[in-house]
Amino acid sequence: MGGAPSTPRNPGGGDDVSVAEYLITTFVGEKSFPLASDFWSKLLELPSSSRWPSDRVHQACELFARSNGYTRHLAKLLIHLSWCLQELLQASDDQAASTYKKAVNATYIASVFLKHLIENGKSDSLVELHLSLDDSEPVPHGFVMDQDIQNFVMHSVLSFIGSTEVSPNSYVLHQELLNFMIVAMSTQLLSGPSPGPRDANPFIDAAMSQEKSLVCLAVRRLLLNYISRTSPNAKTYLYSDGDSPGILERVGSAAATFVLLPLNYLVNNSGDGSIHPLAECSLHVLLILTNYHNPIMSDESLTDKSDDSAISDSVSKGHVFSSGNTFSKALANARDVEFDRSDVDGNAYPGPHVRIPFASLFDTLGMCLADEGAVLLLYSLLQGNSDFKEYVLVRTDLDTMLMPILETLYNASKRTSSNQIYMMLIVLLILSEDSSFNSSIHKMILPSVPWYKEHLLHQTSLGSLMVIILIRTVQHNLSKLRDVYLQTTCLATLANMAPHAHHLSAYASQRLVSLFYMLSRKYNKLSELTGQKQQSIKISMAGEGDTVSEELAAELQIFTDFLRLVLDILNAILTYALPRNPEIVYAIMHRQEVFQPFKNHPRFHELVENIYTVLDFFNSRMDSQRSDREWSVQKVLQFIINNCRSWRGEGMKMFTQLHFSYEQESHPEEFFIPYVWQLAFSRCGFSFNPDAINLFPVPQQVEKQAEDGRGEEVEEGKEKKVQELLEQRIVLDP
C-alpha cells in the first residue's frame with residue numbers, strides 16, 4: 001500500500017452509466033486509493049443520469065464491508081466530504097457550483113455505505129467502520145494524521161449547517177447533511193434503552209465535543225429550519241417511487257442522490273411523507289441531539305478486569321457519571337431575538353447563546369402540535385427553557401397552543417399514541433403551575449368548539465374546555481388502572497386550576513360533579529369487594545387469597561386518593577372562587593345526594609363538610625322562598641347568583657391550597673432516547689435493519705415473539721416499562 005495506485009480510467013470512453021458503474025465498483029473493491037488521488041474527484045462529480053436496483057446496491061455494500069478494513073475508503077470519503085464543506089464555506093457563489101455537486105454526492109454515498117456498516121456491524125465497538133487511516137497512507141499537506149475523523153467530519157457538517165442559509169441552491173445539501181447525521185447517529189439503535197458507558201456512538205459523541213459557539217449556531221439553524229418550513233422546489237428536489245427514470249434530479253448536479261443508489265435503499269418509503277422534509281429532519285436531528293445521554297466511566301472502573309463479574313461490579317459501584325449535553329444546554333439557554341433579559345436586569349448572559357424569534361416558534365408549534373415531534377419540542381422548551389416558558393405564559397392567544405392539544409386529547413382513543421397523550425398532559429401540568437395561566441385561560445371565550453361532539457359548546461371559556469377535556473380523559477381511562485399516572489396528571493392539573501376558576505361553564509361544572517359520582521361508585525364497589533375478601537380469608541384461613549386481597553387493597557387506596565383529590569378540587573373552587581362560579585354551586589345542589597354517603601365517612605368527612613356548609617347556606621335561603629315561587633332552572637341559577645353576593649365563607653374550614661409541580665425523573669433518557677428514534681422512523685422515513693435494533697421493540701420482533709407464544713408477555717412488559725419510565729414525579733409543593 002506504499003505506492004499511490006493510478007486512478008481508474010474511463011473503460012472504453014463509455015457513457016455516464018458505464019463510467020459511474022465502473023467508479024462505484026472500484027470504490028467498493030479491494031484497491032485502495034490515497035486521499036490525494038484524483039479518483040475521488042471523478043467519483044464525486046458523477047452526473048445524475050442512471051441508477052442501480054436495490055439488490056445491486058446491497059451487493060455493493062457487502063463488497064464494501066469486506067474491503068473497507070484494508071482500503072479505509074469510508075474514512076477517506078468522510079475526509080473529502082469535510083474538505084468540500086470547508087471549501088463551500090469559503091467559496092463565492094460562482095466557485096461553489098462544482099464543489100456543491102461533490103459535497104452532495106459525498107454526503108449521499110457516505111450515508112448509504114455508513115448505514116450498511118452500522119446496521120450490520122458485528123462488534124460492540126463498531127470497529128468495522130475503520131474511522132482512521134493506515135499508518136502508511138500518504139498524507140496530503142495540511143492534514144493532521146492522528147485527528148479523529150468522526151470529529152473532523154462532524155465539525156465540518158455542523159459548521160456548514162450552522163453557518164449557511166438555506167436557499168434554493170443549498171437546500172438539497174442541507175437536507176442530505178441532516179440525513180447523514182441521522183445515519184451517523186443511528187449507532188444508538190444498537191444499544192439498549194439504558195445508555196451505558198461502553199456504548200459506541202462515535203459520531204454523536206464527536207458532535208457533543210464541539211465548541212459551544214458552533215453548537216449554538218447549529219441549534220439555531222435547526223430551529224429556524226423548523227420554523228420556516230421551507231418546501232423543496234419541484235425542479236430542485238424530486239422524489240420517485242423507485243421505478244421512474246430519476247430518483248432525485250437537479251439541474252446541473254447529482255441532486256443529493258448518488259444516481260446509482262436508489263433513494264429507497266436509504267429511506268423507508270412506508271414512512272409518512274412530509275411536504276416539509278427539511279423541517280421534519282431538522283426537528284428530529286435536534287431531538288436526537290438534545291436527548292442524548294453519555295454516561296462516562298472513571299479510570300478506575302475502566303481498568304481491565306480478569307472476569308466479567310468484576311466488570312459488572314465496577315460499573316454498579318457508582319463510578320459512572322454523565323457528561324453534559326451541550327445541545328440540550330444550548331436549547332435551554334435560547335433567547336428571543338426581540339427581547340433579552342439583559343435588557344431588564346442589565347446583566348448580559350456570558351458567552352454565545354441561541355437567538356431565535358419566539359413568536360414564530362410559538363406559532364409554528366401551534367400549527368404542528370398534532371405531530372408528536374412538535375409536542376416533544378414544546379415539552380423540552382417548557383421544561384428546560386425558563387425564558388420560553390415565560391414568553392408562552394404572557395401570550396394573550398394561548399388558544400393557539402392549547403386548542404390543538406385539547407383536540408388531540410379529545411380524539412386520543414382513535415389514533416393517538418400513549419406516549420403523545422402523556423407528553424401533552426405533562427405540558428398542561430407544567431403550564432398549570434403558573435397562576436397567571438390559570439386565570440387567563442378563563443378570560444378567553446371560544447365562540448364554538450366544532451370538534452366536540454357530545455355537547456354543544458357555545459361561548460365557552462378556554463379554561464372550561466380544558467376542564468371538560470381533562471375530566472373526559474380521566475373518565476375514558478378509569479377502567480385502566482395501569483394508567484394511574486395519566487389519571488394523577490389530569491387531576492393534579494385540575495387541582496392547580498381550581499382556585500383560579502372563573503365562570504366555569506354549566507357543562508364543565510356538571511362533568512366535575514359527575515366525575516366525583518363515577519369515582520365514588522368505583523370506590524364503594526371496591527370497598528365492598530375488599531370487605532368480602534377479607535371476611536372469606538378469615539373464614540378459610542387460606543394463604544392463597546392474600547395476593548388478591550393485597551391487589552384489591554392497593555386498588556382501593558388508589559381510588560381513595562382519586563376521590564380525595566376531586567373533593568380537594570371542589571373545595572378549592574368553593575373556598576377561593578365561589579362567588580365567581582355559580583354554576584358549580586348549581587351542579588352541587590342538583591346532585592347533592594351523591595355526597596351524602598361520605599358525609600360521615602372517616603376518610604372524607606372533613607372535605608365533605610365544606611360542601612355541606614355551602615349546601616346549607618343556599619338550601620336554607622331557598623327554603624325560605626320556596627313557598628312564594630315556582631322554581632325553574634334559570635330562576636334557581638339567578639337565585640344562586642344573587643346569594644353569591646352575600647356569601648362570606650362563614651363556617652368553611654381552610655385547607656392548605658394544593659399545588660402540584662412536575663419534576664423530571666433522574667434518568668429520563670431511558671424513555672426519551674427510544675421515543676425520539678421511533679419518531680424519527682415514522683416521520684423521516686428512516687429505515688434500519690430490524691434485527692439490529694436493541695433500543696426498542698420493532699414490529700417484526702413483536703410478531704416473531706407472538707408466534708413463539710411470548711407476545712402478550714412482551715406487550716405487558718413493554719407497557720410496564722413505559723409506565724415506569726414515564727412516571728416522572730408529580731410533586732405536591734409545600
Side-chain angles (χ1 to χ4, degrees), residues 27-28 54 57-58 60-62 64-65 68 73-75 77-82 84-85 103-121 126 128-131 149-158 160-161 172-191 199-208 218 222 247-248 254 256-258 261-269 271 277-278 280-289 292 673 676-690 692-695 698:
F27 172 72
V28 303
S54 296
V57 175
H58 182 74
C61 288
E62 292 286 345
F64 183 77
N68 181 54
H73 277 179
L74 175 62
L77 180 61
L78 293 176
I79 292 171
H80 275 279
L81 167 59
S82 301
C84 289
L85 295 175
V104 160
N105 275 338
T107 306
Y108 189 78
I109 298 172
S111 296
V112 171
F113 289 105
L114 176 60
K115 175 177 174 291
H116 179 85
L117 292 177
I118 291 173
E119 65 185 348
N120 293 283
L126 292 172
E128 296 89 351
L129 301 183
H130 296 290
L131 296 174
I149 291 175
Q150 61 267 32
N151 186 72
F152 186 52
V153 70
M154 291 306 286
H155 179 86
S156 301
V157 169
L158 291 172
F160 182 87
I161 290 174
V172 172
L173 182 53
H174 272 277
Q175 178 71 61
E176 286 308 313
L177 287 172
L178 293 173
N179 289 341
F180 169 79
M181 287 192 68
I182 292 177
V183 168
M185 296 187 296
S186 67
T187 52
Q188 283 191 284
L189 296 170
L190 307 179
S191 305
D199 294 345
N201 297 297
F203 291 97
I204 194 167
D205 283 338
M208 294 296 148
L222 293 173
I247 309 135
L248 296 172
T257 301
F258 179 61
L261 307 175
L263 179 67
N264 61 11
Y265 183 74
L266 178 61
V267 300
N268 182 357
N269 287 338
L278 186 69
E280 291 284 357
C281 278
S282 296
L283 171 62
H284 290 95
V285 166
L286 180 63
L287 292 175
I288 291 169
L289 287 168
Y292 180 62
I673 292 177
V676 297
W677 274 105
Q678 290 179 73
L679 295 183
F681 268 64
S682 64
R683 299 301 300 172
C684 295
F686 179 73
S687 68
F688 202 84
N689 177 10
I693 297 176
N694 295 309
L695 187 61
V698 294

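When all heavy atoms of Ala207 and Met154 are compared, the closest pair comes out as CB-CE, 3.9 Å. Considering every non-hydrogen atom in both Glu119 and Ala692, the closest pair reads O-CB, 3.3 Å. Considering every non-hydrogen atom in both Pro202 and Leu129, the closest pair reads CG-CD1, 4.3 Å. When all heavy atoms are compared, the tightest approach of Val183 to Ile118 is O-CD1, 3.4 Å. Taking all atoms of both residues into account, the shortest heavy-atom contact from Leu158 to Ala218 is CD2-CB, 3.9 Å. Scanning both residues, Met185 and Leu289, for their nearest heavy atoms gives SD-CD2, 3.5 Å.
In terms of the side-chain contact (heavy atoms from CB on, under 4.5 Å) criterion, residue partners of Ala184 (sequence neighbours excluded) are, by chain and number, Leu114, Phe180, Phe203. Partners of Asn201 by side-chain hydrogen bond (donor to acceptor under 3.5 Å, both in side chains), not counting sequence neighbours, listed by chain and number: Thr187. Among residues two or more places apart in sequence or in another chain, the side-chain contact (heavy atoms from CB on, under 4.5 Å) test is passed with Ala65 by His116, Leu117. Residues satisfying the ring-ring contact (aromatic ring centres under 6.0 Å, His included) test with Phe688, not counting sequence neighbours, are none. Listed by chain and number, the residues in a side-chain hydrogen bond (donor to acceptor under 3.5 Å, both in side chains) with His155 are Gln210 (sequence neighbours excluded). The side-chain contact (heavy atoms from CB on, under 4.5 Å) search around Cys281 returns Gln175, Leu178, Asn179, Ile182, Cys684, not counting sequence neighbours. Remark: Gln150 pairs with no residue by the side-chain hydrogen bond (donor to acceptor under 3.5 Å, both in side chains) rule, at least two apart or across chains. Remark: Phe160 engages His174 in a ring-ring contact (aromatic ring centres under 6.0 Å, His included) (not counting sequence neighbours). For Ser282, the side-chain hydrogen bond (donor to acceptor under 3.5 Å, both in side chains) partners are Asn225, not counting sequence neighbours.
Between the side chain of Asn68 and the backbone N or O of Leu74 there is at least one donor-acceptor pair closer than 3.5 Å.
Between atom CZ of residue Phe152 and atom CG of residue Leu78 there is a gap of 10.0 Å, rounded to the nearest 0.5 Å. The structure places OG of Ser82 at 9.5 Å from CG of Leu77, a figure rounded to the nearest 0.5 Å. Here CG of Asn689 is found 11.0 Å from OG of Ser186. Values are rounded to the nearest 0.5 Å. A distance of 7.0 Å separates CG of Asn120 from NE2 of His58, quoted to the nearest 0.5 Å. Note that NE2 of His130 is 12.0 Å distant from CD1 of Ile149, once rounded to the nearest 0.5 Å.
For the pair Ile288/Gln188, a side-chain contact is recorded, criterion being any heavy-atom separation below 4.5 Å from C-beta on. In this structure, the side chains of Leu85 and Leu177 come closer than 4.5 Å at one or more pairs of heavy atoms. Leu126 has its side chain within reach of Leu190: a pair of non-hydrogen atoms, C-beta onward, lies under 4.5 Å apart.
For Phe27 and His73, the gap between ring centers is short of 6.0 Å.
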